[in-house]
Amino acid sequence: MPTVAIQLDPSRLTNPDLDIRYVLPDQLEEDSASAVSDDGYDYGRTSDRLTLFLRTADLAVAVPIVLGTLENEILGNHLLNEGVVVAIAAADRCTTEQEYTVVFPTGSPPFSLE
């Protein structure tokens with residue numbers, strides 16, 4: 001199943017409350033009428049970056065909903081202005097960066113799991 005990955009750098013967040021790893025997926029599931037669902041999270045291999053993984057049956061439907069939700073304030077953060085990276089992958093549980101394509105921000109460096 002396709003994946004949407006949302007990567008956050010806590011040092012760039014206005015409110016680095018790590019409860020965001022639970023709040024954001026719940027909000028996205030609600031906003032999408034369950035078109036996306038929580039698929040866990042992980043921390044960077046060599047950094048403090050937090051990556052949230054979401055499952056979806058349809059990336060074309062999911063990506064605009066995800067970006068729309070990220071425009072809203074979440075736990076005091078305006079994520080689209082605080083260094084968030086959104087990437088997609090054709091499969092679930094991808095383990096290499098090459099399997100992801102960054103969709104936000106445009107012109108961003110390649111996706112990294114480090």
Side-chain angles (χ1 to χ4, degrees):
M1 184 168 281
T3 297
V4 177
I6 301 171
Q7 198 164 68
L8 309 168
D9 181 346
S11 71
R12 296 187 67 184
L13 298 179
T14 300
N15 177 18
D17 184 341
L18 291 180
D19 279 350
I20 200 164
R21 67 188 183 272
Y22 306 116
V23 172
L24 183 54
D26 289 348
Q27 186 64 54
L28 286 163
E29 189 165 347
E30 181 181 322
D31 290 354
S32 71
S34 298
V36 297
S37 60
D38 188 2
D39 197 23
Y41 65 92
D42 201 0
Y43 293 97
R45 296 173 186 150
T46 60
S47 73
D48 291 333
R49 272 185 262 175
L50 171 65
T51 304
L52 307 173
F53 298 97
L54 305 162
R55 280 187 296 256
T56 183
D58 189 342
L59 288 169
V61 169
V63 169
I65 293 168
V66 168
L67 293 175
T69 296
L70 294 176
E71 288 179 344
N72 300 319
E73 182 180 319
I74 299 169
L75 291 179
N77 298 294
H78 296 278
L79 297 172
L80 291 184
N81 298 321
E82 296 181 28
V84 70
V85 174
V86 179
I88 58 172
D92 190 19
R93 306 284 179 191
C94 296
T95 58
T96 65
E97 288 90 349
Q98 294 78 15
E99 296 174 275
Y100 291 92
T101 302
V102 174
V103 295
F104 182 88
T106 56
S108 177
F111 188 74
S112 174
L113 294 168
E114 295 302 318

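Please read these numbers as outputs of a predicted model, since none were measured by experiment.
Minimum heavy-atom separation, Phe53 to Tyr41: CD1-CA, 4.1 Å. Minimum interatomic distance between Pro10 and Pro16 (heavy atoms only, all atoms of both residues): O-CB, 3.4 Å. Of all non-hydrogen atoms in Val4 and Ala62, the two that sit nearest each other are CG2-CB, 4.3 Å. Residues Ser108 and Val102 approach most closely at CB-CG1, 3.6 Å, considering heavy atoms. The heavy-atom pair separating Leu113 from Glu97 by the smallest distance is N-OE2, 3.0 Å. Closest heavy-atom contact between Ala60 and Pro64: O-CD, 3.2 Å.
Using a 4.5 Å heavy-atom cutoff, the side chains of Ser112 and Arg49 are in contact. Considering only heavy atoms from C-beta on, Phe104 stays 4.5 Å or farther from Ile6 through its side chain. Side-chain contact between Leu24 and Leu75: absent, with no pair of heavy atoms (C-beta onward) separated by less than 4.5 Å. At least one side-chain heavy atom of Pro25 sits under 4.5 Å from a side-chain heavy atom of Leu54. Looking at Val86 and Val63, their side chains never come closer than 4.5 Å, going by heavy atoms from C-beta outward. Contact of the Thr51 side chain with the Phe111 side chain is registered, since non-hydrogen atoms from C-beta on lie closer than 4.5 Å. Using a 4.5 Å heavy-atom cutoff, the side chains of Asp48 and Tyr43 are not in contact.
Take Glu71 and apply the side chain to side chain contact (heavy atoms under 4.5 Å, CB included) test, not counting sequence neighbours, and it matches Leu80. Every residue two or more places apart in sequence or in another chain that forms a side chain to side chain contact (heavy atoms under 4.5 Å, CB included) with Ser32 is listed here: Ala35, Val36, Ile65. By the side chain to side chain contact (heavy atoms under 4.5 Å, CB included) test, Thr14 pairs with Asn77, Glu82, sequence neighbours left out. Glu73 pairs by the salt bridge (charged side-chain N to carboxylate O under 4.0 Å, His left out) definition with nothing, not counting sequence neighbours.
Not a single donor-acceptor pair under 3.5 Å links the side chain of Glu29 to the backbone N or O of Asp26. The backbone N or O of Ala91 sits less than 3.5 Å from a side-chain atom of Thr3, completing a donor-acceptor pair. With hydrogens and angles disregarded, no donor-acceptor distance shorter than 3.5 Å links the side chain of Gln7 to the backbone of Val85.
A single hydrophobic cluster is seen to contain both Leu8 and Val23, as judged by linkage of ILVMFWY side chains at heavy-atom distances under 4.5 Å, directly or through other members. Neither Leu28 nor Met1 shares a network with the other; the hydrophobic side chains, linked directly or stepwise wherever heavy atoms of I, L, V, M, F, W or Y lie under 4.5 Å apart, form separate groups for each. Leu70 and Val61 sit in two unconnected hydrophobic clusters of ILVMFWY residues. Membership requires side-chain heavy atoms under 4.5 Å apart, directly or through other members.
Counting only residues at least two apart or on different chains, no salt bridge (Lys or Arg N to Asp or Glu O under 4.0 Å) pair has a member in residues 7-24. Sorted by first then second residue, the salt bridge (Lys or Arg N to Asp or Glu O under 4.0 Å) pairs that include residues 51-61, not counting sequence neighbours, are Asp39-Arg55.
In this structure, OG1 in Thr95 is found 11.5 Å from CG in Asp42, a value given to the nearest 0.5 Å.
Here the options are Leu52, Asn15, Leu79, the test is side-chain contact (heavy atoms from CB on, under 4.5 Å), and the partner is Ile20; only Leu79 passes.
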